[in-house]
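Below is one structure, written out as structure tokens; comments come after it.
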Amino acid sequence: MATDKKEMVRSLIWAKELGEPELEIAAKGLSERFYPKNSYICHRGDRLDSWTGVVTGLVKMSAVSLSGKATTFVGVGAGGWLGEGSMLKNEERKYDLVALRDTRLLMMNKATFMALCENSVGFNRFLVRQLNERLGQFVAITEHDRSFDAKARVARNLSWLCNPVLSPQVGGVLEITQEEVGLLAGISRQVANRCLKELADEGLIDLQPGAIRPLDLEALSNYGSG
DNA sequence: TCATTAAACGCGT
DNA sequence: ACGCGTTTAATGA
């Protein structure tokens, strides 16, 4: 096997939990794919039988609430992984996946994913941590879904993109345009611009061209819930 | 009305 | 070329 691929696998968020033979298995089951801006990675209802990691770019998960009424969005940035729920439950996707900009993905085929699940304690440890973080997001979504405050959605999405487990390679500054913020929060560019300016006035973020520096992650993630 | 939207334009990088 | 701020006109509550 090519050593550069093994090195690449070593840099993934869950790799440090794995031993050498497990890394070997993982590397064999991974392939890279490119999705141009605005392209769909999968539609709701599809059986995409791969666990998916974001190498570069930005992916939007759009989930529809149980009532089928409100749709909410979660961004996944570079280094983040998604789809483990659909893998584990062997069911179709409950959400759309869209590349918000040119995006490179790593796909792990299902057999490899299941093999790691069954044989690697470290891999399971990572999955539990990941699922726990996601659970926190969806709890937060149901909390402030009833008061659809655009600013609160923007604030939460920004804080989520800084989550070190779910978007590990996103560092101190978010390289994200205001248009992309709008897409993630389900609002237009104008409203995104207004919300960001208000958040900046409140001292929670620092606005730069093409980038946002969060100043108070705690306040952002709790925005709207007192 | 009032808020929101897409489209367009201009500005600065 | 791109991100951003603003204006405009259309739409809908």
Side-chain angles (χ1 to χ4, degrees), chain A residues 32-44 53-80 82 95-105 137-138 140-164 166-217 219-226:
Chain A
E32 189 169 325
R33 274 203 238 167
F34 175 77
Y35 289 86
K37 181 176 181 174
N38 291 328
S39 65
Y40 271 80
I41 295 152
C42 91
H43 288 86
R44 190 172 145 78
V54 180
V55 182
T56 62
L58 183 61
V59 173
K60 176 174 76 168
M61 289 176 62
S62 55
V64 180
S65 67
L66 290 176
S67 63
K69 189 66 182 166
T71 71
T72 46
F73 307 109
V74 177
V76 182
L82 54 94
Y95 43 80
D96 290 330
L97 290 180
V98 187
L100 291 187
R101 54 173 99 127
D102 284 358
T103 294
R104 281 164 52 217
L105 294 182
Q137 289 189 331
F138 284 105
I141 284 174
T142 57
E143 264 177 15
H144 76 298
D145 231 17
R146 50 199 76 180
S147 63
F148 0 62
D149 183 287
K151 217 194 330 176
R153 285 206 306 274
V154 169
R156 302 254 190 189
N157 268 294
L158 290 179
S159 76
W160 288 341
L161 274 177
C162 294
N163 182 308
L166 298 174
S167 289
Q169 316 223 334
V170 178
V173 294
L174 297 171
E175 296 201 354
I176 185 173
T177 67
Q178 300 190 354
E179 185 173 16
E180 288 165 338
V181 170
L183 289 170
L184 279 180
I187 53 182
S188 67
R189 185 161 71 93
Q190 290 102 312
V191 176
N193 175 253
R194 198 189 65 214
C195 293
L196 288 170
K197 265 199 264 189
E198 289 175 14
L199 290 172
D201 283 344
E202 294 167 31
L204 300 186
I205 58 175
D206 182 30
L207 286 176
Q208 300 159 11
I212 297 165
R213 180 195 305 279
L215 300 176
D216 190 341
L217 277 177
L220 284 175
S221 64
N222 293 328
Y223 204 91
S225 36

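In the text below, chain A, chain B and the rest are named by the order of the sequence lines, each starting its count at 1.
- Comment: A:Glu175 does not engage A:Arg101 in a salt bridge, judged by the lack of any side-chain N to carboxylate O separation of less than 4.0 angstrom.
- Checking A:Lys197 against A:Lys37, the closest nucleotide of DNA chain C that is more toward the 5' end is the one next to A:Lys37.
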A:Ile187 and A:Arg153: CA distance, side-chain angles, deciding distance, side-chain contact (heavy atoms from CB on, under 4.5 Å) verdict: CA-CA 10 Å; A:Ile187 53 182; A:Arg153 285 206 306 274; 3.5 Å; yes
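- Residues from residues 198-209 of chain A with heavy atoms under 4.0 angstrom of DNA chain C, sorted by number: A:Gln208, A:Pro209.
- At a non-hydrogen distance threshold of 4.0 Å, A:Ser188, A:Arg189, A:Gln190, A:Val191, A:Arg194 from residues 186-196 of chain A come into contact with DNA chain B.
- Contact detail for A:Val181 and A:Ala192: the closest heavy-atom pair is CG1-CB, 4.4 Å.
- Partners of A:Phe138 under the ring-ring contact (aromatic ring centres under 6.0 Å, His included) rule, at least two apart in sequence or in another chain, do not exist in this structure.
- Closest approach of A:Gly80 and A:Pro168 over heavy atoms only: N-CD, 3.6 Å.
- Nearest heavy atoms, A:Met61 versus A:Leu82: SD-CB, 4.3 Å.
- With contacts defined as side-chain heavy-atom distances shorter than 4.5 Å, the pair A:Thr103/A:Thr56 does not qualify.
- Considering every non-hydrogen atom in both A:Ala185 and A:Val154, the closest pair reads CB-CG2, 3.8 Å.
- The overall bend of the helix from B:dT1-C:dA13 to B:dT13-C:dA1, read as the angle between its terminal helix axes built from five base pairs each, is 0° when rounded to 10 degrees.
- Considering all non-hydrogen atoms of both residues, A:Leu184 and A:Gly75 come closest at CD2-CA, 3.4 Å.
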Please tabulate, one pair per line, all N/O donor-acceptor pairs under 3.5 Å involving side-chain atoms of residues 205-216 of chain A, not counting sequence neighbours.
| unit_1 | atom_1 | unit_2 | atom_2 | d |
| --- | --- | --- | --- | --- |
| A:Asp216 | OD1 | A:Glu218 | N | 3.4 |
| A:Asp216 | OD1 | A:Ala219 | N | 3.0 |

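- On the nucleic acid side, DNA chain B has its first and last nucleotide under 4.0 Å of a heavy atom of chain A at B:dT4 to B:dA8, going 5' to 3'.
- Between A:Leu183 atom CG and C:dC4 atom P the separation is 13 Å, expressed in whole Å.
- Nearest heavy atoms, A:Ser62 versus A:Tyr95: O-CB, 3.2 Å.
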Audit row: A:Trp160, A:Leu166, side-chain contact (heavy atoms from CB on, under 4.5 Å) steps and yes/no: CA-CA 8 Å; A:Trp160 288 341; A:Leu166 298 174; over 6 Å; no
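- A:Glu202 places no side-chain N or O within donor-acceptor distance of the main-chain N or O of A:Leu199, the cut-off being under 3.5 Å.
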